[in-house]
Protein chains: 2
Amino acid sequence: MATIKDVAKLAKVSPSTASRAMHDNPAISEKTKARVRKAMQTLHYAPDFNAQSLANKRSNAIGVILPVDHHEIFTNPFFLKVLRGISEACYHAQAMVNLATGSSQAELLHSIDIMVTQGMIRRFIVLYSEQNDPILLKLRQLDAQYVMIGKPYQLVNETPYVDNDNILAGSDAAQFLVDHGHKNICFVYNDLKKMVQNDRMLGYQRVMMENGLLINSFELPAQEYPGGRQLVIQYLTQHPEITAFETVDDMLGLRIQQVLRSAKMVTDRQVSIIGFNNSVYSEAAHPALTSVEVFPRRLGNEAAKIAVSLQMSENLSTKLIVPHQIIERHSVATV
Amino acid sequence: MATIKDVAKLAKVSPSTASRAMHDNPAISEKTKARVRKAMQTLHYAPDFNAQSLANKRSNAIGVILPVDHHEIFTNPFFLKVLRGISEACYHAQAMVNLATGSSQAELLHSIDIMVTQGMIRRFIVLYSEQNDPILLKLRQLDAQYVMIGKPYQLVNETPYVDNDNILAGSDAAQFLVDHGHKNICFVYNDLKKMVQNDRMLGYQRVMMENGLLINSFELPAQEYPGGRQLVIQYLTQHPEITAFETVDDMLGLRIQQVLRSAKMVTDRQVSIIGFNNSVYSEAAHPALTSVEVFPRRLGNEAAKIAVSLQMSENLSTKLIVPHQIIERHSVATV
DNA sequence: CAATATTTTGCAACCGATTGCACTAGGACT
DNA sequence: AGTCCTAGTGCAATCGGTTGCAAAATATTG
C-alpha cells in the first residue's frame with residue numbers, strides 16, 4: 001500500500017503539502033494540487049483510516065445504535081432494511097459502519113462508551129426514539145453527535161433526524177378505514193413510550209374526532225408475554241361493536257388475525273385490519289394484510305447521509321420527512 | 001483519557017515496559033506487571049484502538065459480511081438475529097463490529113477491499129455459504145481470515161465455520177412428516193447454490209430413500225418474481241398425490257399456505273407443511289407453522305467467538321455444529 | 001530595484017500505541 | 001576480584017497520517 005509519503009515524493013512535495021492538497025486546503029496552489037492528485041491516481045493511494053483517526057482524534061466510522069434487545073425487535077425486518085440503507089450511504093461516503101447492540105441498557109451504554117473513548121467514533125445513528133432515553137444522555141455527555149430515526153422527544157430543534165410523518169400516516173390509515181365505512185375502529189399499540197407509536201395514535205385520534213367517532217385503543221403486549229392471546233379474546237368479546245383495527249405494526253395485526261381465527265370468531269364476525277411497515281409476511285397472511293409502507297431503507301439512507309456530513313461542531317440540525325404509502329391488500333373490507 | 005504514558009509514569013516504568021506488561025510479555029517481572037496493572041486501574045486506562053491498529057497493522061474490529069442484497073434476504077429476520085449474537089460475543093471480547101453490505105457483488109467486493117486495506121480489518125464473518133463465491137476469493141487474496149456461518153464449499157478443512165447439521169435437520173423434518181403418515185412429500189427450495197438449502201434437501205432425500213418413498217422437489221422463486229403463484233398452483237394440480245411440503249424456509253411455507261387458501265384448494269385438499277427458521281411470523285400463520293428452529297443467535301455468537309480468537313497466522317480451523325429443534329405447531333396433520 | 005506584502009511550501013512535533021536492540025544490574029562462576 | 005550470563009528495563013524508531021509555525025518563493029508597491 002502506498003503511503004502519503006510515496007505520494008509526496010512522486011509529486012515532489014512534502015507530506016504535509018500532500019496532506020493539505022488532499023483536503024483541498026486553500027493554502028495550496030491549484031498547480032500543486034493537480035500534481036498531488038495525479039500522484040495519488042498513479043499510486044492508487046488510499047489513506048489509512050487508523051492513522052487518520054489517530055491524528056484527527058476522530059474516526060471515520062458511523063456508529064449505529066439498535067434498541068436494547070427485546071425479542072420483538074430482533075425479529076423485525078424493519079431494522080435490517082434500515083441497516084441496509086445506512087450501509088449504502090456510508091459506502092458512498094467512504095465511511096465504515098459500526099454496530100452497537102446490547103442485551104441490556106447497561107451493556108449498550110458500555111458499548112457506546114468504548115466506541116467513543118477507545119474507537120474515537122463521534123457520529124452515531126440511533127434507530128429508534130424513546131422517551132427519556134439514557135442512551136442519548138450518554139451520547140451527549142461523551143460529546144458525540146447523533147442523528148435519529150424517528151422524531152426525538154427532547155431537544156427536537158437541536159437534533160437532526162429523519163422520520164416519517166407518523167401522525168399523518170396514522171391519520172391516513174384511520175381515514176382509509178373510515179372511507180371503507182368503518183365507524184368503530186380500535187387502535188392497537190405496544191409501547192406508547194415509543195414516539196412512532198404515539199404519533200400514529202395521535203393521527204388516528206384526530207381522524208376519529210374529525211368524524212365524530214369514538215376512540216378505542218388497546219395495548220397488546222410483546223410476543224413472548226403469555227396472556228396476550230387471552231387479552232385479545234377478552235377485548236373482542238367486550239367490544240362487539242368494533243369492526244376494524246389499526247395496528248401500529250403488521251405483527252400485531254397478524255396476531256389479532258390469528259386470535260380471530262383460532263377463537264372461531266371469524267365465522268360470526270368480520271373484522272378489518274390495517275397495519276404498518278409492510279413486512280413480507282403480511283403479504284403471506286390470510287387475508288393479505290393492508291399495510292402502510294414507511295420505506296425503512298430510505299430512512300436509513302437519509303439518516304446516514306446526514307450523519308456523514310455532520311461537521312465537528314455543527315449547530316444547525318437537518319430534519320427530513322420520508323413519505324409513506326398505503327399498500328392495499330385484502331384485510332380491509334367495506335361495510 | 002489516560003494514555004499509556006500516564007500509566008507508565010504512575011508505575012514508574014517506561015511506556016515500552018508498560019505496553020509489554022499489559023500484554024503479559026514474559027520478559028517483564030511479575031512485580032512490575034503488578035505495578036502497571038494497579039496504575040491502569042487507578043487511571044481507568046483503556047487503549048486507543050486506532051493507535052493500536054496503526055502500530056499493529058491490524059484492527060481489533062470484526063468485519064461482518066452479509067449476502068448481496070436480494071430483496072428476500074434483507075427481509076429475513078434470521079440475519080438480524082445472527083448479528084445480535086455476533087455483537088454480543090464481540091462485546092465481551094472488546095472487539096468492534098463492522099458491517100459490510102452491497103447492493104451488487106462489485107460493491108460488496110469494493111467494501112471489503114476498503115475494510116482490509118484502509119481499515120486494517122483482518123478478521124471477517126461471512127453470514128452465508130454459496131458456491132463459487134468471489135467474496136471468499138477476495139478475502140483470501142487480501143490475506144484476511146474469515147469464519148463462515150454455514151458449511152463452506154471449498155477448503156472445507158481449512159475454513160473455520162459454524163453451522164447447523166442441515167443434512168440432519170433436513171432428515172429430521174422429513175422423518176417428522178413420515179412419522180405423521182405422509183408418503184408423498186415435496187421438498188421446496190429457492191436456490192440450490194446455497195449450501196443450507198442443498199444440505200437440507202440431501203437430508204430429505206435420505207429419509208425418503210430409506211423409506212422407499214418417491215423424491216419430489218420444487219423450486220419456488222424469490223418473492224418478487226411474479227409468476228411464482230401460478231407455478232405453485234400448477235404444481236399442486238399436476239401432483240394431486242402430494243400431502244406434505246418441507247420448505248427450506250418458513251417464508252416459502254407461508255407462501256404455499258397462501259396459495260392453497262386463495263386457490264380454494266384448502267377445502268378439497270389437506271396439505272401439511274414444515275418449514276425452517278422458526279420466524280415469529282410462522283407463529284402467526286394459519287395454521288401456525290411447524291418449523292425447525294436453528295438458533296441463529298447462537299450461530300452468530302459462536303462464529304464471533306471463533307473470529308475474535310483467530311490468531312495472525314492460524315492454521316487449525318475450528319468447526320462447530322449448533323443443534324436444531326423442531327417446534328411443533330399446527331401445520332402438520334396426521335394422515 | 002529595494003522593501004514589503006502575500007502566497008506557497010516544508011520542518012518538526014504530535015496523535016498513542018508497539019518492538020528491536022542496547023543497556024544495566026545482579027548473581028554465578030572461575 | 002574479574003568475567004560472563006541472564007533477567008529486566010528503557011531508548012528510540014516506527015506505524016501513517018495532521019497541523020502550527022517559520023521559511024522560502026513569488027508578487028506588489030513606492
Side-chain angles (χ1 to χ4, degrees), chain A residues 1-37 39-40 43-61 94 96 114 116-122 311-312, chain B residues 1-37 39-40 43-61 94 96 114-122 312:
Chain A
M1 281 299 300
T3 75
I4 200 171
K5 288 175 196 167
D6 302 322
V7 174
K9 206 165 293 172
L10 186 60
K12 296 192 197 305
V13 295
S14 74
S16 42
T17 302
S19 171
R20 285 189 255 260
M22 290 171 188
H23 294 93
D24 225 20
N25 187 316
I28 304 297
S29 69
E30 203 38 61
K31 239 187 296 182
T32 34
K33 276 184 192 167
R35 279 217 316 287
V36 171
R37 274 194 280 266
M40 289 170 61
L43 292 179
H44 295 298
Y45 170 78
D48 180 311
F49 289 152
N50 295 301
Q52 265 180 332
S53 304
L54 178 58
N56 293 331
K57 291 175 144 307
R58 186 216 221 226
S59 163
N60 79 329
Q94 297 261 0
M96 319 227 79
I114 289 175
V116 175
T117 60
Q118 308 199 55
M120 299 296 156
I121 297 181
R122 290 286 141 71
Q311 291 311 303
M312 296 253 29
Chain B
M1 281 300 298
T3 74
I4 200 172
K5 288 175 195 166
D6 302 322
V7 174
K9 205 165 295 171
L10 185 61
K12 294 192 199 305
V13 295
S14 74
S16 42
T17 303
S19 171
R20 284 190 256 260
M22 290 171 188
H23 293 94
D24 225 22
N25 187 316
I28 303 298
S29 70
E30 203 39 60
K31 239 187 298 181
T32 31
K33 276 185 193 166
R35 280 217 316 286
V36 170
R37 274 195 281 267
M40 288 170 64
L43 292 178
H44 295 297
Y45 172 79
D48 180 311
F49 289 151
N50 294 302
Q52 268 182 329
S53 304
L54 178 59
N56 293 331
K57 291 177 145 304
R58 186 218 223 224
S59 163
N60 79 328
Q94 297 261 1
M96 317 227 80
I114 289 175
M115 293 174 89
V116 174
T117 59
Q118 308 200 56
M120 300 295 157
I121 297 181
R122 291 284 143 71
M312 295 253 28

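Naming convention: chains lettered A, B, ... in sequence-line order (proteins, then strands); numbering from 1 in each chain. Values reported hereafter were calculated over all heavy atoms of this structure, with side chains retained and with hydrogens, waters and symmetry mates removed. Small disclaimer: the values here were computed from a predicted structure and weren't measured.
Per the geometry, CD1 belonging to B/Ile28 stands 10 Å off C1' belonging to D/dA7, to the nearest Å. Atom CZ of B/Arg35 is separated from atom P of D/dG8 by 13 Å (rounded to the nearest Å). Taking atom CG of residue B/Leu54 and atom P of nucleotide D/dT14, one finds them 14 Å apart after rounding to whole Å. Rounded to whole Å, atom C1' of D/dG17 lies 13 Å from atom CD of B/Gln118. The NZ atom of B/Lys5 sits 11 Å away from the C1' atom of C/dA13 (whole-angstrom rounding). Atom-to-atom, CE of A/Met40 to P of D/dG16 comes out at 16 Å; the value is rounded to the nearest Å. In this structure, A/Lys9 atom NZ and C/dG10 atom P are separated by 13 Å, rounded to whole Å. Put simply, CG on A/Asn50 is 15 Å from C1' on D/dT14, counting in whole angstrom units.
Rounding to the nearest 0.5 Å gives a distance of 6.0 Å between OG of B/Ser59 and CG of A/Asn50. The structure places CE of B/Met1 at 9.0 Å from NZ of A/Lys57, a figure rounded to the nearest 0.5 Å.
Under the side-chain hydrogen bond (donor to acceptor under 3.5 Å, both in side chains) criterion, B/Thr32 pairs with B/Ser29, not counting sequence neighbours. Taking B/Thr17 as the reference, B/Ser14 meet the side-chain hydrogen bond (donor to acceptor under 3.5 Å, both in side chains) condition, with sequence neighbours excluded.
Using a 4.0 Å heavy-atom distance criterion, A/Phe49 is classed as making no nucleic acid contact. A/Thr32 comes within contact range of the sugar-phosphate backbone alone, with a heavy-atom separation under 4.0 Å but no base atom that close.
A close approach under 4.0 Å does occur between a side-chain nitrogen or oxygen of A/Lys57 and OP1 or OP2 of C/dG16. For D/dT18, one of the phosphate oxygens OP1 or OP2 lies less than 4.0 angstrom from a side-chain nitrogen or oxygen of A/Gln52. Between A/Lys33 and C/dT8 there is no side-chain polar atom (N or O) within less than 4.0 angstrom of OP1 or OP2. Put simply, A/Thr3 has no side-chain N or O that comes within less than 4.0 Å of OP1 or OP2 on D/dG16.
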For nucleotides 19-27 of chain D, list the nitrogen or oxygen atoms of the protein found under 3.5 Å from its nitrogen or oxygen atoms, one pair per line.
from   : atom 1 : to      : atom 2 : distance (Å)
D/dG20 : O6     : A/Arg20 : NH2    : 2.8

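Between A/Ala51 and B/Leu54, the shortest heavy-atom contact is CB-CD1, 3.8 Å.
Listed for the B/Asp48 side chain is no donor-acceptor partner under 3.5 Å among the backbone atoms of A/Gly119. With B/Asn56 contributing its side chain and B/Arg58 its backbone, the two residues share no donor-acceptor pair below 3.5 Å.
With D/dG10, D/dG16, C/dG10 as the candidates, the nucleotide lying closest to the side chain of A/Val13 is C/dG10.
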